[in-house]
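In what follows, chains carry the letters A, B, and so on, assigned in the order in which the sequence lines appear, proteins first and then strands, with residues in each chain numbered from 1. From a predicted model like this one, the values you see are computed outputs, not experimental measurements. Just so you know, these numbers use all the heavy atoms, side chains as well, and skip hydrogens, waters and symmetry mates.
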Amino acid sequence: MRKFFTLSSLLALSLTACGAGDNGPIKLGMISALTGDAAAIGADQLSGVQMAIAEINAAGGVNGRQIELIAEDGKCAGADGATAAQKLVNVDKVVAIVGGLCSGETLAAAPIAEAAKVIMLSPSASSPDITKAGDFIFRDYPSDAGKTKAIAKYFADEKYSRIAILSENTDYSQALRASLKKDLPEGAVVFDENFDPGTKDFRSLLGRLKDAEYDALVSNPNSDGVNAVIVQQFRELELPGQIVGTDTMDSVVIAQIAGEEADGVMLVNVPTAGEGTSFEADFTAKNGDPKSSIAWAAYSYDAVKVLAQAFKAVGTDGMAVKDYLYSMQPYTGVIGSFHFDGNGDPVGLSYVLKKFDDGKVVTVKPLPLE
Amino acid sequence: MNFFLHIIVMIATTVPNVLGFNLLFGRGKIFHFGPLGVSIVAAYGIFLVTIATDSFTLGIAAGLLVVSLASAFFAWLSLRLDADGFGVMSIAVHLGLLAVVLNWSSLTRGALGIPRIPRFVFLDSTLDFALFSTVVAAVWSYILWKIDKGPFGRKLIALSEHEWHAKSLGIDRPQVHLIAFLLAGIGALLSNVLYPQYLYLLHPSDYGFPGFVFFVTVVVAGGPGSVRGCLLSLILLSFLREGLRFIPMAPDILGPLRLILFGLILYIAVYCRRDLLFPKQRTV
C-alpha cells in the first residue's frame, strides 16, 4: 500500500507540475461543461470555439500569432469552475477565457480572472448577477434582464394579463423566472411552479394548470428536449392558452419531437443565433448536427471572434483588451450586431417574436425595447 | 504557484467534513449517506445569518445551532432505523434539504445561489486561505485522531462490531451516536464556513450527489476509519483529479476520461476494502 501511495503521489505531482507553456501562440482558455448534465451544450460551445480558432489560424492568426485553445471542464459547478480558472490563469497563463457555461461556474471563476486581470467572456451565462461580477467579466449572451422585458412587452401587446410559469430548478431557468416576475405587473403571475432537473413527466403539474385561469404559459426549462416534452404534454391535455418560450424553444428539436403539436408555439429570442445560416451549414459539415442547439456554438464562435479582433487591435494585455472591449464599435457576428455596456453586458442584440409554423421557426415581428 | 495553493485550499477545506464522515461511515460503520445534507444546513445557516446581520459571530453561532439540530436528527434516525433503512433515509433527508434550498428561493435564491459571499477580514489572498484552512484542517485532524484512538473511538468500534455485546459492556449507543454525529456536524461547519468564502459563492450545485461520491471514494480508498489513510487519500485523489487536467488530450475526451478513471478508482477501492467496509459480524 505504501508503494501504491508513493507511486501515485509521484504520478499526481508530476502531472500537476508539467503544465508549463511557451509564449509563442496566443493562449486562449475556455471553461465549459465537458461532462455532466450540461455536457451537450458544452460540446456545442467547444465546437463553436474550435471552429472560430481554426478559421482565424487558417487566415494567418492574429498579427501572425496562432491561437492555441486550452479548454477546461467546469462541470457547471462552482468548485470546478474556480479550479479551471485557477489553472488557466496561473498555470497556462491564458490571455483570456471564453466561459463559463453556467452562471454558477462563471460567478466562481470571475474573482480569479478579475484578480489576474484576465478577460472572461461568457457565451451563455444569463444571470443578472454576472452584470456586477467584475470589470474584466463580459458576455455576449444577453442578460435575462433584457430578454424578460421583451417577453413582458409581448404579453402587454397581446393583453395577456394572467401568466403561468413552469421553470426547471437550474440557475439558468431560475434567473429568467426571477427576472420575468420582476418585469410583469403585480399579480400577473397566477401559476408559478418549479420542477427538478431530469423531470420528463409534466402531466400532474400541467393538470393543475386546468384549475388556474391563465392566458399564457411560459415554458422555462434548461434544454430544448424538455421544452418539446412540455409542449407535447400540454397539447395532450388539451390545455387552453398560448405557450411561450425563450432560447431553449428556438430549436428544431422541438418540432422533431413534438411534431405538428409544436405549431403555434411562440418564443422570444434574438433574431438569429445561426439557424439557417451559412454558419450552421459549415458547423454541421465539420461537426455533424449540434448536440443541443446551434445557438450555443454561435455565441461561442462570436466570443472568440470578438476577442481575436481585440487582440489584433491592442495586443493581449488584459487592461488594454478590457478597455478595447468597453469602447469597441458594434461587432457584427453570427448572433447579430452588438457592443458592450459599462458592465460588460451586450448591447444592441434586439429581440424578436418567433413562431413555430409547419415545423419551422419563423420570425413574426420585432420586439424593440425602449 | 497559485494553482498549487488553490488545490491546497480545496483539500484543506474538505478535510474536516471528510474526516467527520469517516468517523461515522468508516469507523462507526453507520451507513450515513447524507453528510452533504448537514453541509447544506451549515453553509446556508452561517451565510444567510451573516449576510442578514453583517456579523460572522452571529452567523457561525446560527450555523452551530442548525448543524447541531440536523446532526441530532440524523443521530436519532440512526437509532430508530436498521442500517439499510438509515442509509436510504439519510439520502432522502439530504435530497429533502437540497429541495428546500432550491425551492425556498425567497430566502436562499434557489438554484441561483448566493454570490458575493463575505470573507473574514484576514482572508484576502489564496495564500491566506491556504495557510488558514491548512491550520484548521491540521488541528481538526489531530482532534479527531485523538478521539479516534481514545475510549470514544473504541466504543464506536465496539458498537460497529457487535452492538449487543457492546451494550452489555455498558456502552451507551444513543450517546455514542449523538456525539459522533455532532463531531461530524462540526466538521461540516468548519468546512462550510471556509469553502463558500473562498469561492465568493454559495451554490446548491456544490452539494449534490457527485460530491458525496467523492467523500465515499476518499474514505474507502484511504481505509475506512483511518484518519491518516483518509488524509492521504484525500490529498492523493485531489492532486490526481486536478493533475489529470494536464494530460495532453482533446478536452472532449479528457473530461469523460477523468470521470471514468474516478469510477474505476472507486470500484477498485471498494473491491479491495470490501472486508473493512462490510465486516463479518463477530460471533462470541
Side-chain angles (χ1 to χ4, degrees), chain A residues 1 5 8-9 11-19 30 32-36 39 42-43 46-47 69-73 75-79 81-84 86-87 89-91 102-105 107-108 110-112 115-116 127 129 132-133 168-175 177-178 194 196, chain B residues 1-7 9-10 13-14 95 98-99 102-103 105 109-116 125-126 195-196 198-206 208 210-211 223 229 232-233 235-248 250-259 272:
Chain A
M1 181 50 70
F5 271 121
S8 308
S9 303
L11 173 68
L13 285 171
S14 60
L15 284 170
T16 312
C18 65
M30 178 184 185
S32 189
L34 304 177
T35 55
L46 181 63
S47 299
L69 176 68
I70 302 164
E72 291 294 333
D73 189 4
K75 293 183 187 171
C76 268
T83 304
Q86 283 283 7
K87 177 182 175 279
V89 166
N90 294 307
V91 178
C102 300
S103 297
E105 75 182 351
L107 286 168
I112 296 158
S127 167
D129 291 329
K132 294 174 187 165
E168 192 165 341
N169 228 333
T170 60
D171 53 3
Y172 166 78
S173 300
Q174 290 302 315
R177 169 180 168 246
N194 296 326
D196 290 332
Chain B
M1 185 61 181
N2 260 10
F3 182 69
F4 181 74
L5 291 176
H6 166 75
I7 304 300
V9 175
M10 300 307 279
T13 52
T14 312
L95 295 179
L98 197 56
L102 284 170
N103 291 292
S105 48
R109 286 176 41 97
L112 296 175
I114 304 174
R116 293 180 286 283
S125 67
T126 310
Y195 178 74
Y198 177 63
L199 291 185
Y200 284 114
L201 178 71
L202 174 51
H203 203 278
S205 68
D206 289 327
L232 277 172
S233 75
I235 293 166
L236 174 69
L237 289 172
S238 299
F239 273 102
L240 197 62
R241 184 169 64 169
E242 303 312 336
L244 287 171
R245 289 181 184 273
F246 293 94
I247 293 179
D252 49 344
I253 297 172
L254 186 56
L257 186 74
R258 288 172 69 216
L259 288 185
C272 295

Enquirer: How close do B:Gly113 and B:Pro204 get, heavy atom to heavy atom, and via which atoms?
Expert: CA-CD, 3.9 Å

Enquirer: Measuring heavy-atom distances to chain A, does B:Arg109 have an atom under 4.5 Å in its side chain, in its backbone, in both, or in neither?
Expert: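 The side chain, not the backbone.
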
Enquirer: Under 4.5 Å heavy-atom distance to chain A, tell me which part of B:Ser125 shows up: side chain, backbone, both or neither.
Expert: neither

Enquirer: Taking all non-hydrogen atoms of both residues into account, name the closest pair between B:Gly208 and B:Leu98 and its distance.
Expert: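 Residues B:Gly208 and B:Leu98, closest heavy atoms: CA-CD2, 4.4 Å.
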
Enquirer: Give the member of A:Gly78, A:Ala108, A:Ala116, A:Ala77 that has the highest number of heavy-atom pairs under 4.5 Å with chain B.
Expert: A:Gly78

Enquirer: How long is the gap from NE2 on B:His6 to CD1 on A:Ile112, to the nearest 0.5 Å?
Expert: 6.0 Å

Enquirer: Please look at A:Lys75 and chain B and tell me whether the side chain, the backbone, both or neither of the residue comes under 4.5 angstrom of a heavy atom of that chain.
Expert: side chain

Enquirer: Which distance, rounded to the nearest 0.5 Å, do you find between the OG1 of B:Thr14 and the CD1 of B:Ile235?
Expert: 11.0 Å

Enquirer: Over 60° means perpendicular and under 30° means parallel, so tell me whether B:Phe246 and B:Phe3 are parallel, tilted or perpendicular.
Expert: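 The rings of B:Phe246 and B:Phe3 stand perpendicular, inter-plane angle above 60°.
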
Enquirer: Give the member of A:Ala79, A:Ala71, A:Gly104 that has the highest number of heavy-atom pairs under 4.5 Å with chain B.
Expert: A:Ala79

Enquirer: Below 4.5 Å from any heavy atom of chain B, which atoms of A:Ala43 appear? Answer side chain, backbone, both or neither.
Expert: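 Contact with chain B involves no heavy atom of A:Ala43 at all.
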
Enquirer: A:Cys76 versus chain B, heavy atoms under 4.5 Å apart: side chain, backbone, both or neither?
Expert: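 When you check distances to chain B, only backbone atoms of A:Cys76 fall under 4.5 Å.
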
Enquirer: Given that the side chain runs from C-beta out, which part of A:Ala110 has a heavy atom under 4.5 Å from chain B: side chain, backbone, both or neither?
Expert: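 No part of it gets close to chain B.
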
Enquirer: If I compare all heavy atoms of A:Gly42 with all of A:Ser32, which pair ends up nearest, and what's the gap?
Expert: CA-OG, 3.3 Å

Enquirer: Is there a donor-acceptor pair under 3.5 Å between the side chain of A:Ser173 and the backbone N or O of A:Asn169?
Expert: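 Flag not set: sc A:Ser173 to bb A:Asn169 has no pair under 3.5 Å.
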
Enquirer: Are any of the side-chain heavy atoms of B:Glu242 and A:Lys87 separated by less than 4.5 Å?
Expert: no

Enquirer: With chain B as the partner, which of A:Thr170, A:Thr83, A:Thr35, A:Asn194 has the greatest number of non-hydrogen pairs under 4.5 Å?
Expert: A:Thr83

Enquirer: Name the region of B:Thr126, side chain, backbone, both or neither, that has any atom closer than 4.5 Å to a heavy atom of chain A.
Expert: side chain

Enquirer: Chain A heavy atoms under 4.5 Å from B:Pro256: which part of the residue, side chain, backbone, both or neither?
Expert: both

Enquirer: Please round to the nearest 0.5 Å and tell me the distance separating atom CD of A:Glu105 and atom CG of A:Asp73.
Expert: 8.0 Å

Enquirer: Given the options A:Asp129, A:Asp196, A:Leu107, A:Leu34, which has more heavy-atom pairs under 4.5 Å with chain B than any of the others?
Expert: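 Most heavy-atom pairs within the cutoff with chain B belong to A:Asp129.
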
Enquirer: Which of the residues B:Asn103, B:Val9, B:Leu112 is involved in the greatest number of heavy-atom pairs with chain A at under 4.5 angstrom?
Expert: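 The answer is B:Leu112.
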
